[in-house]
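Every chain is numbered from 1, with letters handed out A, B, ... down the list of sequences. Computed over heavy atoms, backbone and side chain alike; hydrogens, waters and symmetry mates excluded.
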There are 2 protein chains.
Amino acid sequence: MPDHHRSGCPINLALEILGDRWSLIVLRDMTFGNRRHFRDLLNHSLEGIASNILADRLKRLLSEGLITKADDPSHKQKAIYSLAEPAIQLIPIFAHLGAWGLRHRAATEDLAIRAQILQDGGPKLWARFMDELRHLHLGAPKPKGKSVLAELTEAYEAVKAQTAA
Amino acid sequence: MPDHHRSGCPINLALEILGDRWSLIVLRDMTFGNRRHFRDLLNHSLEGIASNILADRLKRLLSEGLITKADDPSHKQKAIYSLAEPAIQLIPIFAHLGAWGLRHRAATEDLAIRAQILQDGGPKLWARFMDELRHLHLGAPKPKGKSVLAELTEAYEAVKAQTAA
DNA sequence: TCTAACTGCTTGCAAATCGCAACTGGTTTC
DNA sequence: GAAACCAGTTGCGATTTGCAAGCAGTTAGA
């Protein structure tokens, strides 16, 4: 990551942080998979991220203020990674990116369901999800109503079980 | 670009095409700068793309079906690149990415105005813009009303002239 | 208490990609 | 006829990637 900017264009500035093959994947797993530990991100990575790449990306996202890192009180060696507000505000981008992938590439059925729900839910669902993430990652008060994350996860598990059968 | 997919996740599939430092920059210039020729993309590139990288990305976007290439009848050597429908459907992503960059990074004032207009206009403006792009790139009938591209370009030129003074 | 598994990384290395600069063969303009 | 312009290509050093192995310490179970 260069320390100077290629241009002051807002799209370029966003891409200078997010425009690579792994950064958004890591954030996706933290967001939708609620993975908060290094090993968790490493071992459950669908795309098989390498440990050195993961370490590098976490360091970068940390220094750019998209995530934060804290000690896990339950384990001396564990670190908890949390989404910061800028990362939470990527939800609409994830939703559109998922919808685009769904429409224009051949997604597998089980992995498609969450993108579908997110697309159907629209900005109102995204806002609810963002509030939930602020609770989970930033310590904001727990929002009322059914958990969006649980809804997404349950739908995914259901389709996975169904397609496996 | 690997010929196999890392996973069937729609977000990952989108990132396998768009997740690098240049692809979206090239598409942005074609979309918002209406640049359709190689030299045009090369010489007016704000970020200074290299010719070999540009050639590679155009080839890739072509093979992935995001853009098309045609001879320019006015000049034997000129090729006209056009956005295909999948690329036109990236408009909401550009809008959100710009809005995110605007909010979380330090964009320069002149380059910020288009992202601002796109954000304020919301999905209805995006849809109008997409219809306009279908006219400009796919030969669809010209939509009625004021051109969104002209609106964006004029606003940009105005702010640029103003900040230069 | 011993041991195996787990913790967040780091290191070494080969391969791929990037970025820069120069260059190519052809076309068009003046 | 010369200069500018056209879409790229080529060569090369520097950076980044991906893979495998390893590390110092911590924890859980027998």
Original post:
Is the shortest side-chain N/O distance from A/R6 to OP1 or OP2 of C/dG19 below 4.0 Å?
Top reply: no

Atom CZ of B/R134: over 12 foreign heavy atoms under 6.0 Å: yes

Rounded to whole Å, CG of A/D72 lies from P of D/dT27 at a distance of 10 Å

To the nearest angstrom, the CG-P distance between B/D56 and C/dG19 comes to 11 Å

Between CG of B/D20 and P of C/dT17 the distance, given in whole Å, is 12 Å

Here the distance between atom P of C/dT17 and atom CZ of B/R57, to the nearest Å, is 10 Å

Note to self: Within the 3.5 Å criterion, strictly below it, is a donor on A/D72 or A/H37 matched to an acceptor on the partner's side chain?
What the structure shows: yes

Does any part of the side chain of A/E16, heavy atoms only, come nearer than 4.5 Å to the side chain of A/H4, both counted from C-beta?
no

Across all chains, not counting sequence neighbours, the side-chain contact (heavy atoms from CB on, under 4.5 Å) partners of B/S45 are B/E47, B/I49

To the nearest angstrom, the CD1-P distance between A/I25 and D/dT17 comes to 14 Å

Looking at B/D20, is its backbone amide N or carbonyl O close enough to the side chain of B/S23 to form a donor-acceptor pair, meaning the two atoms are under 3.5 Å apart?
no

Scoring nucleotides 3-16 of chain C by protein non-hydrogen atoms under 4.0 Å (B base, S sugar-phosphate only, - none) yields ----BBBBBB----

note: A/E16, atom CD; C/dC18, atom C1'; distance rounded to Å ~ 15 Å

Query - Side-chain N,O (B/W22) to OP1/OP2 (C/dT17) below 4.0 Å - result: no

Separation of C/dC20 atom C1' from B/L54 atom CG, nearest Å, is 15 Å

Against the six-membered ring of B/W22, is A/R6 placed for a cation-pi contact (under 6.0 Å from the centre, within 45° of the normal)? yes

So CH2 of B/W126 and CD of B/Q119: to nearest 0.5 Å the spacing works out to 8.5 Å

May I ask you to check whether A/D29 and A/H44 show a side-chain donor-acceptor distance below 3.5 Å? no

Tell me, please, whether B/Y156 has B/R114 positioned over its six-membered ring: NZ or CZ under 6.0 Å from the ring centre and within 45 degrees of its axis?
yes

Might you list the N or O atoms of the protein lying below 3.5 Å from N or O atoms in nucleotides 28-30 of chain D, with each pair's distance?
none

By side chain to side chain donor-acceptor pair (under 3.5 Å), B/K146 pairs with (sequence neighbours left out) B/E154

Residues passing the ring pair (Phe, Tyr, Trp, His ring centres under 6.0 Å) test with B/F32, sequence neighbours excluded, are B/F94, B/F129

Atom CD1 of B/I53 and atom P of D/dC12 are separated, to the nearest Å, by 18 Å

Axis-to-axis angle across the helix from C/dT1-D/dA30 to C/dC30-D/dG1, five pairs each end, nearest 10 degrees, ~ 20°

